K.L.:
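I'd like to ask some things about the structure below.
Numbering of ligands and ligand atoms starts at 1, following listing order. Note that the coordinates shown come from a computational prediction; the quantities given were computed from them, not determined experimentally.
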Amino acid sequence: MRTVLITGGSRGIGAEAVRLFANAGCRVVLNYNASEEAAKALAAEFAGRVLPVRADVACRTEVEAMFRRAEAVFGGVDVLICNAGVAQQKLFTDLTEGEWRRMLDVHLTGAFHCCQCALPHMIRQRWGRIVTVSSMWGQVGGSCEAAYSAAKAGLIGLTKALAKEEGPSGVTVNCVAPGVIDTDMMAGFSEADRSALADETPVGALGTPRQVAEALLFLAGERAGYITGQVLGVNGGLVI
Ligand code: NAP
């Protein structure tokens with residue numbers, strides 16, 4: 001039975017991934033930061049197979065403590081899903097240095113911390129899976145999302161470099177790049193905006209967290225063993 005650590009597992013795509021991996025028979029470490037109640041309620045659905053652990057992924061000491069706890073309870077982490085993220089829409093000229101740094105810290109440095117903590121066990125056992133969650137904006141850039149786009153593009157670079165470095169150790173590293181997915185991250189959008197986004201999408205709909213989680217599960221599985229360094233768009237054809 002594999003142990004999977006999912007960052008940002010308390011809501012949205014991450015929560016759906018927790019359900020999918022747990023239902024597939026994995027032990028799941030559910031990382032959360034602010035949403036303690038949601039994280040604990042979700043873990044309770046899976047009686048002992050899902051372990052909620054709080055850590056701000058941007059903070060090295062908290063991430064190290066989370067991996068120590070995961071190892072103590074479930075053993076080493078075999079599969080790492082770097083999903084935690086925050087969104088911010090703002091004109092580039094209005095961005096503060098603090099906002100810029102926080103965006104890079106959560107998305108990119110967060111993945112750096114988690115990958116560094118996860119890899120020693122994966123390399124030792126010569127098997128591991130890392131899947132990062134970027135965004136279509138990391139592929140093509142989003143207006144008023146410069147910091148987010150830069151962080152997500154950085155995540156793609158990290159994924160590709162790590163795939164080359166860790167391939168010889170039996171570890172694959174891939175990236176899922178969602179399009180517009182119906183989660184809390186879309187809360188700021190009006191009904192009119194949501195419907196315009198759906199119309200713009202070739203398949204004519206917003207994506208669901210489940211559709212992204214299915215891609216994560218596939219890339220984390222045995223059947224994806226010859227796939228590494230790839231970016232898989234889950235975007236209804238919005239970015240091809
Ligand atoms: P969401 O519903 O807002 O959930 C975000 C998750 O990230 C929450 O579980 C949150 O946990 C966690 N998180 C935020 N900051 C964290 C931190 N510092 N440390 C640990 N966890 C943290 O968002 P989502 O739509 O599911 O997004 C998941 C991922 O997909 C993100 O990386 C996002 O950028 C990416 N994505 C989303 C879309 C979309 O349209 N929704 C599109 C492309 C890419 P707490 O609530 O516990 O803090």
Side-chain angles (χ1 to χ4, degrees), residues 5-20 28-43 50 52-67 80-89 99 101-114 117 131-142 145 147-156 158-159 175-189 193-194 197-198 200-201 205-213 215-216 231-236 238-239:
L5 189 149
I6 299 171
T7 68
S10 49
R11 293 184 290 115
I13 292 166
E16 206 49 39
V18 167
R19 288 191 188 93
L20 214 54
V28 181
V29 182
L30 183 175
N31 159 252
Y32 66 96
N33 186 30
S35 305
E36 181 164 14
E37 213 172 297
K40 289 189 170 164
L42 178 52
V50 174
V53 185
R54 201 206 74 79
D56 175 350
V57 291
C59 172
R60 181 67 177 216
T61 52
E62 292 184 16
V63 170
E64 284 177 354
M66 170 170 70
F67 273 83
L80 169 66
I81 309 290
C82 292
N83 164 77
V86 285
Q88 183 185 32
Q89 280 88 31
E99 288 167 338
R101 281 190 190 283
R102 181 66 185 162
M103 192 60 78
L104 266 77
D105 283 351
V106 172
H107 291 272
L108 189 51
T109 311
F112 161 74
H113 293 322
C114 292
C117 289
V131 189
T132 59
V133 180
S134 177
S135 160
M136 64 177 176
W137 299 137
Q139 298 174 286
V140 297
E145 301 211 48
Y148 183 82
S149 302
K152 292 304 204 184
L155 213 41
I156 292 173
L158 173 69
T159 301
C175 175
V176 166
V180 187
I181 311 299
D182 201 0
T183 69
D184 293 348
M185 217 167 248
M186 294 291 300
F189 289 73
D193 287 344
R194 291 160 58 89
L197 282 164
E200 246 180 78
T201 307
L206 304 186
T208 65
R210 174 68 182 249
Q211 288 166 329
V212 181
L216 298 172
V231 180
L232 176 59
V234 182
N235 60 33
L238 202 49
V239 168

K.L.:
Only heavy atoms of D184, strictly under 4.0 Å: list the atoms of ligand 1 that pass.
P.N.:
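Checking each atom against D184, I get 2 (O).
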
K.L.:
If you have a sec, work out which protein heavy atom is nearest atom 37 (C) of ligand 1 and how many Å separate them, to one decimal?
P.N.:
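For atom 37 (C) of ligand 1, the nearest protein heavy atom comes out as M185 SD, 3.7 Å.
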
K.L.:
Under 3.5 Å between some N or O of ligand 1 and some N or O of M186?
P.N.:
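Among all N and O atoms of M186, none is under 3.5 Å from an N or O of ligand 1.
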
K.L.:
Taking all atoms of both residues into account, what is the closest heavy-atom pair of H113 and V57, and its distance?
P.N.:
CD2-O, 3.2 Å

K.L.:
Could you pull out the closest heavy-atom pair between A87 and M185, with the gap in Å?
P.N.:
CB-CG, 3.5 Å

K.L.:
Work out which heavy atom in P52 is nearest to a heavy atom in A39; give both atom names and the distance.
P.N.:
CB-O, 4.3 Å

K.L.:
Provide the number and element of each atom of ligand 1 under 4.0 Å from a heavy atom of Y32.
P.N.:
47 (O)

K.L.:
At under 4.0 Å between heavy atoms, is it the side chain or the backbone of K152 that contacts ligand 1, or both, or neither?
P.N.:
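For K152, the contact with ligand 1 is made by the side chain alone.
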
K.L.:
With I81, which of N31, L216, T7, L5 fulfils side chain to side chain contact (heavy atoms under 4.5 Å, CB included)?
P.N.:
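Testing each of N31, L216, T7, L5 against I81, the sole residue satisfying side chain to side chain contact (heavy atoms under 4.5 Å, CB included) is L216.
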
K.L.:
Out of all atoms in ligand 1, which are within 4.0 Å of some heavy atom of D56? Include the element for each.
P.N.:
17 (C), 18 (N), 19 (N)

K.L.:
Contact between ligand 1 and G110 is defined here as a heavy atom of the residue under 4.0 Å from a ligand atom; is it met?
P.N.:
no

K.L.:
State the atoms of ligand 1, each with its element, that fall below the 4.0 Å cut-off from a heavy-atom position in G179.
P.N.:
38 (C), 40 (O), 42 (C), 43 (C)

K.L.:
With a cutoff of 4.0 Å, is T7 in contact with ligand 1, counting heavy atoms of the residue only?
P.N.:
no

K.L.:
Based purely on interatomic distance, does V57 place a nitrogen or oxygen under 3.5 Å from a nitrogen or oxygen of ligand 1?
P.N.:
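Checking ligand 1 against V57, an N or O pair does fall under 3.5 Å apart.
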
K.L.:
Quick check on contacts: which atoms of ligand 1 are under 4.0 angstrom from a heavy atom of V86?
P.N.:
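Matching atoms, with element in brackets: 14 (C), 15 (N).
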
K.L.:
If only atom types and distance count, is the side chain of K152 paired as donor or acceptor with the main-chain N or O of V133 below 3.5 Å?
P.N.:
yes

K.L.:
Does the N or O separation between V180 and ligand 1 drop below 3.5 Å for any pair?
P.N.:
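No, no N or O pair falls under 3.5 Å.
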
K.L.:
Which one holds for A177 and ligand 1: side chain close, backbone close, both close, or neither close, with close meaning a heavy atom under 4.0 Å?
P.N.:
neither

K.L.:
Any heavy atom of Y148 closer to ligand 1 than 4.0 angstrom?
P.N.:
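It does; at least one heavy atom falls under 4.0 Å.
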
K.L.:
Do any nitrogen or oxygen atoms of I181 lie less than 3.5 angstrom from nitrogen or oxygen atoms of ligand 1?
P.N.:
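Yes, I181 has an N/O under 3.5 Å of an N/O on ligand 1.
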
K.L.:
Taking heavy atoms and a distance under 4.0 Å, where does N31 meet ligand 1: side chain, backbone, both or neither?
P.N.:
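The side chain, only.
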
K.L.:
Hey, does P209 sit under 4.0 Å from ligand 1 if you only count heavy atoms?
P.N.:
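No, P209 has no heavy atoms under 4.0 Å from ligand 1.
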
K.L.:
Could you say whether the N/O atoms of G14 and ligand 1 ever approach to under 3.5 Å?
P.N.:
no

K.L.:
Which protein heavy atom lies closest to atom 10 (C) of ligand 1, and at what distance to 0.1 Å?
P.N.:
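That would be R11 NH2, 3.7 Å.
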
K.L.:
Atoms of ligand 1 less than 4.0 Å from A34 heavy atoms?
P.N.:
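Every atom of ligand 1 under 4.0 Å from some heavy atom of A34: 45 (P), 47 (O), 48 (O).
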
K.L.:
Please report the interatomic distance OG1(T109) to CZ(R102), rounded to the nearest 0.5 Å.
P.N.:
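Answer for the OG1-CZ pair, T109 versus R102, is 10.0 Å.
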
K.L.:
I13 and side chain to side chain contact (heavy atoms under 4.5 Å, CB included): which single residue from V18, N83, V176, I6 fits?
P.N.:
N83

K.L.:
Do the numbers put R11 on top of the ring of Y32, so that NZ or CZ is under 6.0 Å from the six-membered ring centre and no more than 45° off the axis?
P.N.:
no

K.L.:
Between A55 and ligand 1, which part of the residue brings a heavy atom under 4.0 Å of the ligand: side chain, backbone, both or neither?
P.N.:
backbone

K.L.:
L104: which residues meet the side-chain contact (heavy atoms from CB on, under 4.5 Å) condition with it, sequence neighbours left out?
P.N.:
W100, A151

K.L.:
Please determine whether side-chain contact (heavy atoms from CB on, under 4.5 Å) holds for the pair V63 and F112, giving the CA-CA distance in whole Å, both sets of side-chain angles, and the decisive distance to 0.1 Å.
P.N.:
CA-CA 10 Å; V63 170; F112 161 74; over 6 Å; no

K.L.:
Minimum heavy-atom separation for G179 to M136, with atom names?
P.N.:
CA-SD, 3.7 Å

K.L.:
With a 4.0 Å cut-off on heavy atoms, is R54 touching ligand 1?
P.N.:
no

K.L.:
Tell me, please, which residues at least two apart from Y148 pass ring pair (Phe, Tyr, Trp, His ring centres under 6.0 Å).
P.N.:
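Once residues adjacent in sequence are excluded, the partners of Y148 under the ring pair (Phe, Tyr, Trp, His ring centres under 6.0 Å) criterion are H107.
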
K.L.:
How close do R194 and L206 get, counting heavy atoms only, and between which atoms?
P.N.:
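It is O-CD2, 3.9 Å.
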
K.L.:
Of the protein's non-hydrogen atoms, which lies at the shortest distance from atom 12 (C) of ligand 1, and what is that distance?
P.N.:
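The answer is G8 CA, 3.5 Å.
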
K.L.:
Looking at every heavy atom in both A43 and V50, which two are closest together, and how far apart are they?
P.N.:
CB-O, 3.6 Å

K.L.:
Below 4.0 Å, non-hydrogen atoms only: which portion of R102 touches ligand 1? Side chain, backbone, both or neither.
P.N.:
side chain

K.L.:
Which ligand 1 atoms does G12 reach within 4.0 Å, using its non-hydrogen atoms?
P.N.:
2 (O), 26 (O)

K.L.:
For ligand 1, which part of T183 has a heavy atom less than 4.0 Å away: the side chain, the backbone, both, or neither?
P.N.:
side chain

K.L.:
Is it the side chain (CB and beyond), the backbone, both or neither of H107 that lies under 4.0 Å from ligand 1, heavy atoms counted?
P.N.:
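Side chain only; the backbone of H107 stays clear of ligand 1.
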
K.L.:
Which heavy atom of the protein is the closest neighbour of atom 16 (C) of ligand 1, given with residue, atom name and distance?
P.N.:
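The closest one turns out to be N33 CB, 4.0 Å.
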
K.L.:
Does ligand 1 have a heavy atom under 4.0 Å from the side chain of N83, from its backbone, from both, or from neither?
P.N.:
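Contact part for N83 vs ligand 1: both backbone and side chain.
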
